[in-house]
Participant: 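Okay, here's the structure, questions in a sec.
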Amino acid sequence: MKKLFLLDAMALIYRAHFAFAKTPRITSTGLNTSAVFGFTNTLLEVLRKENPSHLGVAFDTAKPTFRHTRFEAYKAQRQQQPEDITIAIPYVKRLCEALCIPVLIMEGYEADDIIGTLAKKASATGGYEVYMMTPDKDYGQLVEEHVKLYKPAFMGKDVEIMGPKEVCERWGISNVDQVVDLLGLMGDAVDNIPGIPGIGEKTAVKLIAEYGSVENLIANVDQLKGKMAENVRAFAEQGLLSKELALIEQNVPIEFDEKALELCEPNRETLSALLDELEFRTLRKRLLGEEPAPAETPKTAKSKAPTAQMDLFGAAPVAAIATSEVAGQWETTTVRRTVHDTVHDYQLIDTPELRKSLAHYLNLQDAICFDTETTALSAIEADLIGMSFSYRVGEAFYVPVPDNREAALVILEDFRSVFENEAVEKIAQNIKYDLTVLANYGVEVKGKLYDTMLAHYLIEPEKRHNMDILAETYLNYTPVAIEELIGKKGKNQGNMRDVDMEKIKEYAAEDADITLQLKEVLNPVLQQNPKLVSLFETVEMPLARVLAEVEAEGVRLDVGFLKELSQQLDVDLRDTQQRAWELAGQEFNIASPKQLGEILFEKLHLDPKAKKTKTGQYMTGEDVLLGLESKHEIVRKILDFRELQKLKSTYVDALPALLSPRTGRLHTSFNQAVTATGRLSSTNPNLQNIPIRTPRGREIRKAFIARDEDHVILSADYSQIELRIMAAFSGDASMTEAFNQGLDVHRATASKVFHVPLEEVTADMRRKAKTVNFGIIYGVSAFGLSQQVEVSRTEAKELIDNYFREFPAVKEYMDESMAKVRETGYAETILGRRRYLPNINSGNQTDRGYAERNAINAPIQGTAADIMKIAMVKVQDFIRREKLKSRMILTVHDELVFDVHKSELDYLREHVNELMVHALPLSVKMETGMGVGQNWLEAH
DNA sequence: AACCGCTCT
DNA sequence: TTGGGAGAGCGGTTA
């Protein structure tokens with residue numbers, strides 16, 4: 001049986017383009033090659049894995065198709081094709097030609113019509129197994145016994161091959177022809193098929209299961225009720241049209257030329273030139289087996305181990321350890337990987353002798369790279385499956401760890417000396433995770449730490465920092481995906497324990513190897529900026545250790561209290577909903593902004609000029625609703641409902657579910673490499689957004705309690721840290737003075753701006769001044785300010801003008817900040833943490849404005865983060881040094897929270913205050929606020 | 001998956 | 001007259 005692959009170039013190009021959206025591949029000449037690269041990889045993967053006998057690549061034409069002529073609206077409002085894609089298409093065509101693959105184009109038809117037609121023709125000959133390669137779902141309609149849908153691997157998902165059975169199961173239909181009925185109802189945003197409003201996938205599947213087709217559904221519309229019946233009636237024609245649009249043409253006047261589709265030899269010259277132009281170095285090497293210029297292999301740190309001869313297959317570590325008596329027991333696998341064309345040597349270390357020998361050699365190194373394999377994403381819950389080590393590029397070792405905890409501890413003992421060796425630097429990607437896992441097995445990792453993720457965070461704070469992306473960007477290498485081992489996420493995700501040892505070894509060892517290589521590449525970049533080196537070594541790396549400890553400590557949660565609160569909220573919620581329904585005169589989903597908007601503005605006509613969002617929905621945000629509060633009783637009910645619903649679902653019900661089964665406590669996870677400014681973030685759960693503003697929300701803080709009767713919660717927060725930094729950076733005399741004299745800075749500001757003595761400042765004046773103070777930090781405009789303070793635009797402008805007149809240095813500082821960014825391209829904190837703001841020179845005023853505000857905010861917010869990070873490191877050092885029973889348990893941007901043993905309260909409070917205030921002295925002094933209580937609320 | 005809305009500093 | 005202060009994460013709805 002011959003094997004024919006038909007590729008939908010357009011769909012694959014689009015997919016590749018968006019897959020690389022966050023970190024596009026750019027050549028030295030500025031050409032974005034993401035789409036071409038993605039497509040090429042997909043194409044080569046098929047050639048390698050599937051070994052087709054025939055292959056063709058179909059494109060759309062730029063000319064209008066029969067769909068355009070038949071349906072005017074078709075693709076009318078389809079968004080403009082991204083420029084990078086337009087540019088990519090000719091390259092993809094050239095690539096196909098160089099690879100001797102026919103390019104299938106037919107004027108007036110789209111790629112799917114061509115593929116549909118050829119698939120049917122090929123299938124009719126009886127000699128072909130046809131695979132249509134595309135991520136598009138509408139191809140489902142073409143599937144038959146020997147014509148299959150081939151969905152390429154994507155974002156960790158495996159390749160998926162769908163025959164008629166799979167397609168029908170996927171959509172819950174009885175016949176693949178019904179795919180078009182489904183699309184007719186639910187529409188398809190990508191292909192600009194409108195469908196029927198209000199019908200999504202779920203509903204469409206249900207309706208087609210019952211009625212079989214769009215036509216039959218329309219004929220039986222009387223059996224439907226409510227909104228659904230209305231929609232189907234009103235949009236019946238659109239539904240039929242949509243179905244027709246979704247139908248793929250299978251009679252395109254195109255010949256099925258078997259000879260032309262046969263695979264043939266690439267044109268090496270054309271291909272070589274093209275790959276050079278695209279700067280696809282690895283691909284070039286792999287396809288043509290030659291390099292334009294010998295690429296330099298990264299060199300590892302100088303090793304103390306005996307250096308062995310490197311042969312082509314890099315058997316160095318075998319020789320290196322051959323001096324030991326266990327030589328010969330090393331099970332060496334040397335694999336020449338076709339995908340990456342990389343030579344490596346990964347070894348399985350699974351006997352006591354091998355482990356001891358490995359540990360011996362690890363202890364001789366200046367630096368080692370390691371990684372842990374575990375059973376869970378959450379480090380707190382994870383069981384160790386194995387560890388990998390590497391100290392020379394291309395060489396790595398994998399040590400499996402048994403399921404049984406006792407046995408696991410025995411193995412860890414073999415490596416305790418290594419982890420606790422102060423003289424050996426430890427390199428890892430996201431090292432906090434590994435520290436936590438090992439700590440749970442009683443192993444403390446000592447010595448200098450080097451986290452490649454954090455190094456990259458300092459180099460490129462706004463990019464992504466996961467290892468796979470770093471490897472692709474800096475090593476031009478695609479590592480084995482974890483999904484290849486345990487499958488995609490979801491209910492059927494496999495357990496790493498069940499995976500073949502050889503595969504785990506390759507995967508795990510590779511991670512250590514790659515991480516080591518990344519350090520070799522990233523560190524020189526970091527070293528170019530001495531301030532970043534210092535920030536990395538004295539702040540970020542020590543902090544990673546601190547965070548691991550804080551996370552592992554966790555917080556005690558009063559579950560009984562939350563349970564009661566939940567029941568109370570439930571009652572209140574029902575009441576509020578009932579009352580809102582009565583006031584609306586009908587039941588509706590209050591949580592649906594869409595339905596709510598319709599009730600408020602179309603049924604109750606609360607605001608004739610209600611604003612809509614860009615997606616055509618009424619805006620129903622809190623500020624809008626507050627403006628309507630006096631118009632109708634229902635508005636208050638809706639605001640109440642929203643508050644209750646938020647509290648219940650996001651906090652009261654969610655938090656207890658996240659308690660650790662192991663410790664019974666709540667362990668957040670701090671992310672040290674996500675924010676653009678240097679702040680930390682907190683997830684699973686986010687403990688940095690626990691309510692405090694409203695009385696009812698505040699209650700939730702009562703659930704965060706001290707560990708027992710001998711402990712209390714201590715909260716310590718920096719007072720006005722960002723404003724103090726602003727005062728210090730600008731050198732503004734009166735603001736500095738206000739702080740250094742310990743005045744209420746907002747009151748002092750009001751006094752100046754409104755020209756009244758301090759004691760005559762009213763509450764309202766202070767409120768306005770406070771808003772301006774905050775607004776300034778963010779680079780506010782008059783309009784934005786007027787919204788916040790609820791004053792007229794004129795008054796807001798006056799306020800700002802007065803402000804700048806009274807605090808001229810602040811104005812100067814803001815201008816200087818922007819000027820500096822215009823000149824250098826980045827904003828910088830006091831410790832040299834950078835944020836790149838290329839849009840500061842953009843012609844687009846929205847983009848430029850955003851960059852300008854960031855030029856002001858980033859150094860301030862970032863410096864506050866720097867200071868807090870230093871304080872945390874110092875405070876934790878103090879707690880360790882003094883061997884206190886008290887623990888740091890949370891950090892919320894400018895606040896630290898402790899679970900304090902009562903006997904240590906005064907001592908700790910005093911030192912925490914000192915360490916925070918003097919963490920990084922500025923010309924404006926810092927102040928803290930401290931509070932103590934049985935729970936987090938009382939501590940404020 | 002995108003959006004809307006809402007929580008925090 | 002519409003763009004119109006910063007940084008985050010999460011739950012619910014909708015398509």
Side-chain angles (χ1 to χ4, degrees), chain A residues 18 185-190 193-204 589-597 611 613-625 638-639 642-643 645-651 653-655 668-671 674-694 697-698 700-701 717-718 720-722 771-788 793 796 800 814 827 835 844-850 852-862 864-865 868 891-895:
Chain A
F18 289 110
L185 292 182
M186 62 193 254
D188 184 353
V190 181
I193 297 173
I196 292 181
I199 299 186
E201 182 183 327
K202 291 277 157 60
T203 320
N589 187 348
I590 306 176
S592 159
K594 189 170 138 66
Q595 293 183 35
L596 177 62
K611 278 193 282 188
T613 67
K614 54 192 162 209
T615 50
Q617 293 204 47
Y618 291 107
M619 297 192 8
T620 62
E622 189 178 8
D623 46 345
V624 175
L625 261 44
I638 288 158
L639 288 165
R642 286 247 179 96
E643 183 186 6
Q645 165 100 354
K646 174 81 176 177
L647 295 177
K648 185 165 189 292
S649 64
T650 309
Y651 305 104
D653 290 345
L655 291 177
T668 184
S669 170
F670 290 107
N671 200 329
V674 284
T675 74
T677 53
R679 273 188 179 177
L680 299 175
S681 83
S682 155
T683 54
N684 294 307
N686 180 353
L687 295 186
Q688 295 186 323
N689 72 347
I690 302 301
I692 194 166
R693 216 183 65 242
T694 68
R698 196 174 297 150
I700 291 166
R701 294 205 170 207
D717 69 306
Y718 279 111
Q720 308 293 356
I721 185 168
E722 293 188 345
T771 313
V772 182
N773 272 333
F774 276 106
I776 295 297
I777 295 173
Y778 302 139
V780 74
S781 68
F783 187 95
L785 190 68
S786 68
Q787 291 283 292
Q788 283 291 308
R793 232 150 134 174
I800 293 180
M814 291 169 66
R835 176 161 185 190
N844 178 326
Q845 70 170 16
T846 309
D847 292 350
R848 193 178 58 246
Y850 187 74
E852 285 172 351
R853 291 192 293 278
N854 276 315
I856 296 163
N857 178 258
I860 297 175
Q861 190 183 116
M868 180 52 112
T891 166
V892 192
H893 306 312
D894 65 2
E895 175 188 11

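Since the model is a prediction, treat every value here as computed from it, not as a measurement. The chains referred to below are lettered A, B, ... by the order of the sequence lines, with proteins before strands, and numbering in each begins at 1.
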Participant: Looking at the side chain of Arg853(A), which of dA6(C), dC10(C), dG9(C) is the nearest nucleotide?
Facilitator: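 Selected nucleotide: dA6(C).
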
Participant: Distance check needed: dG9(C) C1' versus Asn684(A) CG, whole Å only.
Facilitator: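 Whole-Å distance recorded here is 9 Å.
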
Participant: With a 4.5 Å heavy-atom cut-off, do Tyr651(A) and Asn689(A) have their side chains touching?
Facilitator: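 SC-SC contact between Tyr651(A) and Asn689(A) confirmed.
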
Participant: What is the distance, rounded to the nearest whole Å, between atom CG of Asn857(A) and atom P of dA8(C)?
Facilitator: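 Whole-Å distance recorded here is 10 Å.
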
Participant: Roughly how far apart, to the nearest Å, are dC4(B) and dG3(C) at atom P?
Facilitator: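 That atom pair is separated by 14 Å.
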
Participant: NA contact type, Ala676(A), heavy-atom cut-off 4.0 Å: base, sugar-phosphate, or nothing?
Facilitator: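 Ala676(A): backbone/sugar contact only, no base atoms under 4.0 Å.
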
Participant: So, using side-chain hydrogen bond (donor to acceptor under 3.5 Å, both in side chains) as the criterion, who are the partners of Glu895(A) when residues are at least two apart?
Facilitator: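 Glu895(A) satisfies side-chain hydrogen bond (donor to acceptor under 3.5 Å, both in side chains) with Ser715(A), Trp936(A), His940(A) once adjacent residues are dropped.
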
Participant: Using the closest heavy atom to pick a nucleotide of DNA chain C for each, name whichever of Ala591(A) or Thr677(A) lands nearer the 5' end.
Facilitator: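 Its nearest nucleotide being more 5', the pick is Thr677(A).
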
Participant: List the atom of Leu625(A), the atom of Thr620(A), and the distance in Å for their closest heavy-atom pair.
Facilitator: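 So the two residues come closest at CD1-O, 3.6 Å.
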
Participant: For nucleotides 2-9 of chain B, just jot down a letter per nucleotide in 5' to 3' order: B, S or -, based on protein non-hydrogen atoms under 4.0 Å.
Facilitator: -SSBBBSB

Participant: Round to a whole Å and report the spacing from NZ of Lys611(A) to C1' of dG3(C).
Facilitator: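 Computing the Lys611(A):NZ to dG3(C):C1' distance gives 11 Å.
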
Participant: Decide yes or no for Arg701(A) and Ile690(A): does some side-chain heavy atom of the first lie under 4.5 Å from some side-chain heavy atom of the second?
Facilitator: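 With C-beta onward as the side chain, the pair touches.
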
Participant: With a 4.0 Å cutoff (strictly under), does any side-chain N or O of Arg835(A) reach OP1 or OP2 of dG7(C)?
Facilitator: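 So the side-chain polar atoms of Arg835(A) do come within 4.0 Å of the phosphate oxygens OP1 or OP2 of dG7(C), strictly under.
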
Participant: Pick base, sugar-phosphate or nothing for Asp717(A), based on heavy-atom distances below 4.0 Å to the nucleic acid.
Facilitator: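 Touches nothing.
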
Participant: Nearest 0.5 Å please: distance from the CG atom of Leu680(A) over to the CG atom of Asn671(A).
Facilitator: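 Result: 8.5 Å between the selected atoms.
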
Participant: Can you give me the closest heavy-atom contact between Pro685(A) and Thr668(A), atom names plus distance?
Facilitator: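 Here Pro685(A) and Thr668(A) meet closest at O-OG1, 2.7 Å.
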
Participant: Which whole number of Å gives the distance between the P atom of dC6(B) and that of dT2(C)?
Facilitator: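 Going atom to atom, P in each nucleotide, I get 22 Å.
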
Participant: Hey, does Glu722(A) reach any base, or is it just sugar-phosphate, or nothing, if we go heavy atoms under 4.0 Å?
Facilitator: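 No contact at all - Glu722(A) keeps every heavy atom at 4.0 Å or more from the nucleic acid.
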
Participant: Indicate, with a heavy-atom threshold strictly under 4.0 Å, whether Asn671(A) touches base, sugar-phosphate, or nothing.
Facilitator: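 No contact.
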
Participant: Considering heavy-atom distances to DNA chain C, does Asn854(A) or Asn589(A) have its closest nucleotide positioned more toward the 5' end?
Facilitator: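 The residue closer to the strand's 5' end, by nearest nucleotide, is Asn854(A).
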
Participant: Would you kindly give the CD-to-P distance between Gln845(A) and dT2(C), to the nearest whole Å?
Facilitator: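 My rounded result for the distance is 15 Å.
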
Participant: Out of curiosity, Ile860(A) CD1 to Ile776(A) CD1, how far, rounded to the nearest 0.5 Å?
Facilitator: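 That separation rounds to 10.0 Å.
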
Participant: Contact class for Tyr850(A) (heavy atom, under 4.0 Å): base, sugar-phosphate, or nothing?
Facilitator: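 Sugar-phosphate, backbone atoms only, no base.
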
Participant: Please check the phosphate of dT14(C) (OP1 and OP2 only) for any side-chain N or O of Ser592(A) closer than 4.0 Å.
Facilitator: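 So the side-chain polar atoms of Ser592(A) do come within 4.0 Å of the phosphate oxygens OP1 or OP2 of dT14(C), strictly under.
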
Participant: Please tell me which of the listed nucleotides, dG11(C), dG12(C), dG4(C), lies nearest to the side chain of Thr846(A)?
Facilitator: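 For Thr846(A), the side-chain atoms sit closest to dG4(C).
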
Participant: Gln595(A) CD to dG12(C) C1': how many Å, rounded?
Facilitator: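 In whole Å, dG12(C) C1' and Gln595(A) CD are 12 Å from each other.
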
Participant: Restricting to side-chain hydrogen bond (donor to acceptor under 3.5 Å, both in side chains), what partner residues turn up for Thr891(A), sequence neighbours left out?
Facilitator: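 Residues passing side-chain hydrogen bond (donor to acceptor under 3.5 Å, both in side chains) with Thr891(A): none at all.
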
Participant: Atom CD1 of Ile721(A) and atom C1' of dG7(C): how far apart are they, to the nearest Å?
Facilitator: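 That distance rounds to 15 Å.
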
